[in-house]
Novice: 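Take a look at this one; I'll ask things after.
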Amino acid sequence: MGLLDYFRSSHSKGSASVAKERLQILVAHDRRERGCPSYLPQLQREILAVIRKYVDVDMSAVSVNYEQEDSHEVLELNIVLPDTAQNRL
Amino acid sequence: MARIIVITSGKGGVGKTTTSAALAMGLAQRGRRTAVIDFDVGLRNLDLIMGCERRVVFDFVNVINEEANLNQALIRDKRCDHLYVLPASQTRDKEALTKEGVGRVLDELAQTFDFIVCDSPAGIEHGATMAMYFADDAVVVTNPEVSSVRDSDRMLGILSSKSRRAEANEEPIREYLLLTRYDPQRVDSGEMLSVDDVQEILSLHLLGIVPESKAVLTSSNAGIPVILDRESDAGQAYADMVSRYLGEEVPHRFLHAEKKGFLSRLFRG
């Protein structure tokens, strides 16, 4: 470490803190997916297909959340319908 | 009853084979009868690191297929009486490692050995899942680097769901972290994830920290497990690791760079 770096190092945090932040987000996301039952993506696709038979919703309109607590599992479906009635097929 | 230890990581090149060779040699040096198995079918390397590549006659797949018996395939280490190597085959297809076949070989080894070290291939494919399936303990080898830490976390998920112990609802595999290629100087300057950073994410029992070391390449060049180089930092770190695995309390070393004098810091170190 040279003289300039010696003073500079007190200012910059270094890239390790960036690495740690990115990892924390990534790993949290990985773990959420890992805990989910394997049928979840298929379930999401099928529910969306059924809804789209009646309402013209966006592909991202259905969100499926799965949570596991000690004694029970919660499957939460969230469907965003369009505002206006004109969107009905 | 033998204890089966898998050395795993997900990511390649982090030091699984180096660690397998060091752990197996370290356990054998302490009088434990130890077998180390190369699960990397098609890309065998453990025999090279152990320095017994020219003595391979039969391999793991030959034993599974009953083309050779275990005693014909096991290579006794010339430096340590208690250590035997079971090499991987080089050409067969990976599906040769059947769950039934691997289980049978491990059962047979368990009758004569105290420890069976399974050197897993990289990835999460068949060979890697076979290496971990029967494990009692897992050493997750990780570099202080984003992709390695992430892969290690994924391996932990697989260990806790797709192992024999998980399927049989037994006590889960004991998981240990070994941080390798650690550069204390870069950690001190904030350029590399520290052991605390990694532990904040993985939170495992820390088996050791192996510093980035020239001795690792020098040893592998010569086919000598680095743990036999007692002068080297990596050799000492691996010796500490073996002690900790066997339940001794050994303080962690190589966490910080050696302090330099003020002058040498001014005029580059």
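Within every chain, numbering begins at 1; the chains are lettered A, B, ... in the order of the sequence lines, protein sequences first and strands thereafter.
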Novice: Is the shortest side-chain N to carboxylate O distance from A:Arg31 to B:Asp153 below 4.0 Å?
Specialist: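 Salt bridge between A:Arg31 and B:Asp153, a charged N being under 4.0 Å from a carboxylate O: yes.
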Novice: Would you say that more than 12 heavy atoms from the other residues, nucleotides or ligands in this model lie under 6.0 Å from the CZ of A:Arg22, or not?
Specialist: no
Novice: Please rank B:Arg154, B:Glu200, B:Arg186 by heavy-atom pairs under 4.5 Å with chain A and give me the top one.
Specialist: B:Glu200
Novice: Taking all non-hydrogen atoms of both residues, which atom of A:Lys20 and which atom of B:Leu193 are closest, and how far apart?
Specialist: N-CD2, 3.7 Å
Novice: Take atom CD in B:Glu167; do more than 12 heavy atoms of anything else shown fall under 6.0 Å from it?
Specialist: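 Counting other residues, nucleotides and ligands, CD of B:Glu167 exceeds 12 neighbours.
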Novice: Excluding sequence neighbours, so at least two apart, what forms side chain to side chain contact (heavy atoms under 4.5 Å, CB included) with B:Arg164?
Specialist: B:Tyr133, B:Phe134, B:Asp136, B:Glu170
Novice: For a quick test of your reading: what N or O donor-acceptor pairs under 3.5 Å do the side chains of residues 5-15 of chain B make, sequence neighbours left out?
Specialist:
residue, atom, partner, partner atom, Å
B:Ser9, OG, B:Lys11, O, 2.5
B:Ser9, OG, B:Lys16, NZ, 2.9

Novice: Measuring from B:Leu202:CG to A:Leu23:CG, what's the distance to the nearest 0.5 Å?
Specialist: 8.5 Å
